[in-house]
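Below: the structure, in structure tokens.
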Amino acid sequence: MAADHSTTHFERFGLAQSFDVDPDLLDERYRDSQRAMHPDRFVNATDQERRISMQQATLINEAYQTLKDPLQRGRYLLQLAGRSFDDEHHTNSDINFLMEQMELREALGEVRNAADAFAELGVLMDRIADDIARLAGDVQRQFRSGDAASLDLAADSLVKMQFFRKLQHEAMELELALEDELAG
Amino acid sequence: MALLQISEPGESTAPHQHQLAAGIDLGTTNSLVASVRSGVAETLPDLEGRHLLPSVVRYRADGAAVVGHDALTAAIGDPLNTIASVKRLMGRGVEDVKRIGEYLPYEFVPGSSGMPLLHTVAGDVSPVEVSAEILRLLKARAEETLGGELSGVVVTVPAYFDDAQRQATKDAGRLAGLNILRLLNEPTAAAVAYGLDKGSEGVIAIYDLGGGTFDISILRLNKGVFEVMSTAGDTALGGDDVDRLVADWIMQQSGMGSDAGHVDMRRLMQTARTAKEALSTVDSTGIELVRDDNAGWSGELSREQFNALIAPLVDRTLGPCRRALRDAGIRASDVQSVVMVGGSTRVPLVRERVAAFFDAEPMVDIDPDKVVAVGAAIQADILAGNKPDDEMLLLDVIPLSLGIETMGGLTEKIIHRNTTIPTARAQEFTTFKDGQTAMSVHVVQGERELVEDCRSLARFELRDIPPMVAGGARIKVTFQVDADGLLNVTAEEQTQGVTSSIEVKPSYGLSDRAIETMLRESMETAAADRDARRLREEQVDADRVLEALHSALAADGEELLQAAERKAIDAAAKQLDEQRQGNDYRAIKRAIEAVEKASSTYVERRMNSSIRKAMAGHKVDEFNSP
């Protein structure tokens, strides 16, 4: 797209470049920006104005999606700091993390056989959510420190978060499938 | 920022002049047009005070199209030339029609661009053209009522419509000579109609069960902004299916076989619909089935039995509800209120199940048939620039993921479902052969892994790639989804900055050139002298009617008609013959209608026997054979 690469997502909303983003303020800035730029405001304008409006509204949406989500926000900050973020490269050597991943994955696979599948799944989903929240806290601290070593740790935490997100997604899909089966 | 200095909404046209704008709900069963007049959004009735226009188009031998109530009345006598529920065919391919079309009595012919055409006496017509006839009539109704030309309209589509279905709808608008300001999702339109932006904040669900489609949308409201969080649905589930279940039940009870003729089938569907509507208010209803061979049947259907029949169908709508909640990242208990849209939400069981699912009393204050058109009218009024200070803003999402085909027939998602639009995503491609100058990209829409399980949208041919070694060229392809939810693709070769040209081949639908040809043709007709044309049309019609009648009477008039019936027909025919000589097209039209009325029973008897004979090997069967 014809991106205006000189403007960061933070600048777009007049926010400081930081992992700490006030969600209410972000929402407000997002709404105000769209009110000004959305194609609905330019339906009677010239072709050129309409094109620009669409490009701007697209960039505003992209910026909002990126900053709203801690995982995407973290990755974006690392990118701005000139660090390439590569999932393959960051293969984790944290044994505890790998063990937990395997354990959770196994447990998810067993859910269908449980006496109360929904209760069992609920416990697992809570656990995954806790893990993600804990990692978000880690990332926040690591970004606040801001030195090179901390940013490496933040990258590590974000890769882990990505794994948990995937698990969370699978758990949700499983819950949906179970509900649909129950409904017949 | 320089952009802020470009004109405010509405200012690029005359700033203080009120623009005539309308909202159009192009429905499966009925369509409506609404407009904001003196600050109030309301649907516009026809001259006889009817707001709902049946989405039915009848084609006559002279090429003329009759739309609405008159077409609906003729549907029983002339089923093959009377097209109903065409919305189900919009943006669909031959393969889809195979699935949907088994219930539709039309004769399909494969079109040139993968799009099926409907065969009628007026020639082969596309679903887009049929829809354009409906839009044309609504446009005329609005312009007559409002006293001027429409500057723009908002046309609604089911939120779950894919790109091809949206494009087909927009094409129909173009063909009808409309300036479409925006395609608006039906659930979002309903939320606007309820004025939920005024004061209220929080999360709402819109449950929209129309004639042929089901949509569920979860919206977040905040300070005049409607933000769609997620949407889900089923574009092949609606009130028509309820009718069909009741019809199946009647067939079972009455012993009517599925080999019954078109006339009987049409009557059966009508009887089923009447029973369904009755059961929204009474606990039990009597059913009278009149059949062509006079073997009538009568029975009784209680609401309890009816509920048992349709419960599985109602429950099928709850799956998408769960999916939408999940995608929005919320629980049913987070939803503050549920807005009911679509005539089918009058069914008590639907209201009960939805209330139980969301644990919220459904909102039904606005007529569920009109609410979408009303919301569209409000949006059209704002978009046309009549309310420059209005804070309302709609942020909608793309309902189904967009992807491209990769090696092995797998889908790679480019833009995920429920992403706020407009949105864009760039993807890099490279050549795999030395000196390669062209490549093909297949774009699909859907959630499944395999390309064959998704909807094929288009194939893009990238040409003019500078010849380089394999892997040397880097082509950046940008997928842009606009505020109408429509996809646009551009490509650029990165290393040398060459803009590759793209040839788009829509999998289903009309090419731009085809639309332009049709537009030009329709403009030419519009320019012609209308009255002269109408007179000529009516005269042709009269000749056709008389000739058909005389030859029919000669063939089996004695056999199928009693003396009194024959006398009435002959009198009407004589009257038409006299009017035919005159210059009053209205009088000819009335005389034709009188003949049609007098001979309707006779025509039905004839059609039923002849259609039954001709049934084998027709309709969709042509596509079913391997």
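Quick note: numbers below take in every heavy atom, side chains included, and nothing from hydrogens, waters or symmetry partners. The shown structure was predicted, so the numbers you read here are calculated from the model rather than taken from an experiment. We name chains A, B, ... by the order of the sequence lines, and we start the count at 1 in each one.
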### Query
So does A:Asp126 have more than 12 non-hydrogen atoms from other groups sitting under 6.0 Å from CG?
yes

### Nearest-0.5 Å distance that lies between atom CG in B:Asp327 and atom CE in A:Met172
9.5 Å

### Query
Checking heavy atoms, do the side chain of B:Asn222, its backbone, both or neither come under 4.5 Å from chain A?
both

### Task
Counting only heavy atoms closer than 4.5 Å, note whether B:Leu181 contacts chain A via side chain, backbone, both or neither.
both

### Contact check, side chains of A:His38 and B:Pro422, non-hydrogen atoms, under 4.5 Å
yes

### Query
Given side chains that start at C-beta, do those of A:Asp40 and B:Met392 come closer than 4.5 Å, heavy atoms only?
no

### Task
Tell me, yes or no, whether the heavy-atom count around A:Arg134 atom CZ, taken from other residues, nucleotides or ligands under 6.0 Å, exceeds 12.
yes

### Task
Considering only heavy atoms and a distance below 4.5 Å, find which of B:Leu325, B:Leu395, B:Val481 pairs most often with chain A.
B:Leu395

### Message
Taking side chain as everything from C-beta outward and backbone as N, CA, C, O, which of these in B:Arg182 sits under 4.5 Å from a heavy atom of chain A? Side chain, backbone, both or neither.
### Response
side chain

### Task
Could you check if a side-chain atom of B:Thr420 sits within less than 4.5 angstrom of a side-chain atom of A:Tyr30, using non-hydrogen atoms only?
yes

### Task
Give, as side chain, backbone, both or neither, the part of A:Glu28 having an atom under 4.5 angstrom from any heavy atom of chain B.
neither

### Task
Indicate yes or no for a side-chain donor-acceptor contact from A:Arg35 to the backbone of B:Glu391 under 3.5 Å, with no hydrogens or angles considered.
yes

### Message
Would you say CD of A:Glu11 has more than 12 non-hydrogen atoms from neighbouring residues, nucleotides or ligands within 6.0 angstrom?
### Response
yes

### Message
Is it true that, when you exclude B:Glu149 itself, more than 12 heavy atoms of the residues, nucleotides or ligands shown sit nearer than 6.0 Å to its CD?
### Response
no

### Query
If you measure from CD on B:Gln480 to CD on A:Gln55, what distance do you get to the nearest 0.5 Å?
7.0 Å

### CD1 on A:Ile60 to OG1 on B:Thr423, rounded to 0.5 Å
12.5 Å

### Query
Can you find a heavy atom in the side chain of A:Asp27 that is under 4.5 Å from one in the side chain of B:Glu227?
no

### Message
Quick one, A:Arg41 and B:Leu393 - any side-chain contact, counting heavy atoms below 4.5 Å?
### Response
yes

